[in-house]
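Some notes on the structure that comes next.
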Amino acid sequence: MSLPESRHLFPSTPGRRGVALVCLGILAGLALRYAGRDVTTSDTFSFLLPWYEHARANGWQSLGRPAANYNYTPFYGYLLLAASLFDGLARPWYLVKAISLFFEAGCAVMAWRIVLVATSDRRAALTALIAVWLAPTMLFNGSLWGQADAIWTFFALVCVDGFCRGRWRWGLLAFGCAVAVKAQAVFLGPLILALVLRGAIAWRWLPLIAVPYLVFALPAWLLGRPLQAILGTYLEQSRTFHRLSMNAANPWIFVPPDAYAVGVAGGLALALVAGLAFAFILGRSRAAPTPADIVQAAALAFLLMPFVLPKMHDRYFFAAEITLIVLACIRPHLAPLALAAQASGVAAYLVFHFDQPRLLAIAALSNGVVLACLILSTVDSWVLQRPDRYRLRTLAWLAACPWLILAAMQAL
């Protein structure tokens with residue numbers, strides 16, 4: 001016996017009370033973001049504000065001659081230039097955060113669309129919209145830190161939405177947009193390879209992924225930025241830090257720093273094997289995946305890759321944390337995984353502020369449990385086509401165990 005999907009758990013049409021709750025949730029999210037508007041980090045003064053000031057002072061020429069320490073692709077430079085057009089209407093730091101705010105709202109809307117196509121349940125879709133909008137890691141990443149992870153995650157969710165609707169080429173273009181914003185978008189690569197192996201995506205369509213990067217690069221190149229610098233942005237980023245973990249909640253926090261060279265080589269090999277195994281197992285499954293299956297596979301890819309890769313930052317689980325919320329609204333028995341992922345994400349952000357390595361270790365352990373449960377659930381739904389939701393629901397609650405251990409340690 002199995003639990004019903006979310007479309008059987010909620011009424012299909014939200015009433016006035018539901019609409020009022022949605023409006024209240026939106027206002028609450030805006031209020032929380034307003035409350036965190038003055039929070040800054042070291043990146044604020046070393047990178048983000050200098051980049052903004054450079055864009056404001058130089059206008060279009062800043063695209064061809066970016067700031068000396070600018071190490072992003074041209075797309076973020078366009079957004080900074082757009083934000084600088086409103087200079088004087090708000091403080092520069094608020095305008096930088098407004099960039100993230102716009103795409104945070106976009107992520108919430110895409111969560112609504114994905115849940116709606118997967119369940120045909122309007123109330124579940126509205127729940128996803130508000131849950132993503134109010135997600136603690138969403139608030140930390142954008143409204144507090146002013147980071148840009150919501151930008152590439154938005155395009156990644158557009159990609160997932162396209163795949164759920166069978167619009168494969170549109171999904172590839174959206175994936176290309178995500179890659180053109182941040183290299184972390186390649187975390188979704190194993191799912192795309194799995195869909196290629198299944199025959200849903202034709203090999204000849206894959207060059208579409210490169211189109212957005214080239215289109216976004218064109219204005220900056222025409223304005224004088226060297227093509228080599230544009231195309232080599234991600235290679236240059238990979239040389240920025242020389243640590244196996246930048247406060248990322250994954251096993252690399254337990255590896256000694258002097259094993260950096262071996263760890264990087266071994267980690268890349270492990271990620272390659274994990275990604276290929278993911279693609280081969282899901283790509284060779286018999287039955288066609290449902291939209292819910294695609295969302296679950298996307299959540300697994302977003303969690304698996306930063307968990308096994310070295311040199312990850314605390315923010316790199318952001319897409320997994322958001323996609324797990326979407327998945328929880330489609331398959332409520334997996335909600336404990338979304339809650340545990342949020343707890344781990346917040347813990348990683350707090351470690352940056354308070355330097356609590358024990359907290360990061362518990363977060364890494366929790367992410368490992370979430371990953372294991374998600375792998376079992378994905379194999380059940382994709383490969384075996386018989387998800388035993390009662391068993392998986394019980395396993396999902398294991399993700400809370402590391403946090404119970406932490407609570408007990410603090411009490412003692």
Side-chain angles (χ1 to χ4, degrees), residues 5-7 9-10 12 14 18-19 21-30 32-33 100-143 148-165 167 170-171 174-175 177-178 181 184-185 187-188 191 290-303 315 317-342 345 370 374:
E5 294 283 2
S6 62
R7 62 178 176 272
L9 294 176
F10 302 98
S12 60
V19 173
L21 289 174
V22 169
C23 293
L24 183 62
I26 293 174
L27 292 175
L30 291 173
L32 290 170
R33 286 164 171 81
S100 298
L101 174 64
F102 180 82
F103 286 94
E104 288 167 12
C107 286
V109 171
M110 293 313 305
W112 171 78
R113 280 178 55 89
I114 292 170
V115 173
L116 193 60
V117 72
T119 67
S120 300
D121 185 334
R122 296 180 182 178
R123 182 161 295 186
L126 290 175
T127 301
L129 185 150
I130 295 302
V132 167
W133 177 244
L134 295 175
T137 54
M138 179 77 82
L139 296 171
F140 261 99
N141 190 281
S143 64
D149 296 279
I151 303 175
W152 75 265
T153 299
F154 164 74
F155 288 115
L157 291 176
V158 174
C159 170
V160 173
D161 178 69
F163 290 166
C164 288
R165 299 171 188 271
R167 301 174 63 185
W170 171 255
F175 175 69
C177 290
V181 177
Q184 288 73 42
F187 295 162
L188 196 60
L191 173 59
T290 65
D293 293 335
I294 290 175
V295 175
Q296 183 159 330
L300 176 56
F302 283 138
L303 182 62
R315 311 183 310 274
F317 288 94
F318 180 82
E321 294 151 4
I322 299 305
T323 311
L324 280 169
I325 294 176
V326 179
L327 178 62
C329 293
I330 298 171
R331 292 176 168 165
H333 61 285
L334 298 177
L337 302 184
L339 294 173
Q342 285 295 312
V370 172
L374 197 56

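Fair warning: this is a prediction, and the values are worked out from it, not measured in the lab. All residue numbers in this chain count up from 1 along the given sequence.
- Between N141 and A148 the shortest heavy-atom distance is OD1-N, 4.2 Å.
- Taken from CG in L324 to CG in L300, the straight-line distance is 9.0 Å, to the nearest 0.5 Å.
- Minimum heavy-atom separation, A341 to V370: N-CG2, 4.5 Å.
- The two residues P136 and Q342 come nearest to each other via the heavy atoms CD-OE1, 3.1 Å.
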If you apply the rule side-chain contact (heavy atoms from CB on, under 4.5 Å), what do you find for L327 with L337, and how did you get there?
CA-CA 9 Å; L327 178 62; L337 302 184; 5.9 Å; no
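- From L157, atom CG reaches atom SG of C164 across 10.0 Å, with rounding to the nearest 0.5 Å.
- V132 and A111 get closest at one heavy-atom pair: CG2-CB, 3.7 Å.
- Heavy atoms only, all atoms of each residue included: A292 and A118 are closest at N-CB, 4.2 Å.
- Rounded to the nearest 0.5 Å, atoms CZ (F155) and SG (C107) are 10.0 Å apart.
- A338 and A328 get closest at one heavy-atom pair: CB-CB, 4.1 Å.
- The distance from atom CZ of R33 to atom CD of E104, rounded to the nearest 0.5 Å, is 4.5 Å.
- Between V160 and T323 there is no side-chain heavy-atom pair separated by less than 4.5 Å.
- For W133 (side chain) and I26 (main-chain N/O), a donor-acceptor pair under 3.5 Å exists by modelled atom type.
- At least one donor-acceptor pair closer than 3.5 Å links the side chain of D293 to the backbone N or O of T290.
- Looking at residues two or more places apart in sequence or on another chain, you find a side chain to side chain donor-acceptor pair (under 3.5 Å) between Q296 and R331, S377, T378.
- In this structure, D121 CG and I330 CD1 are separated by 10.5 Å, a value rounded to the nearest 0.5 Å.
- Within a 6.0 Å sphere centred on CH2 of W152, heavy atoms belonging to other residues, nucleotides or ligands number more than 12.
- Residues forming a ring pair (Phe, Tyr, Trp, His ring centres under 6.0 Å) with F187 (at least two apart in sequence, or on another chain): none.
- Between F103 atom CZ and D149 atom CG the span is 12.5 Å, to the nearest 0.5 Å.
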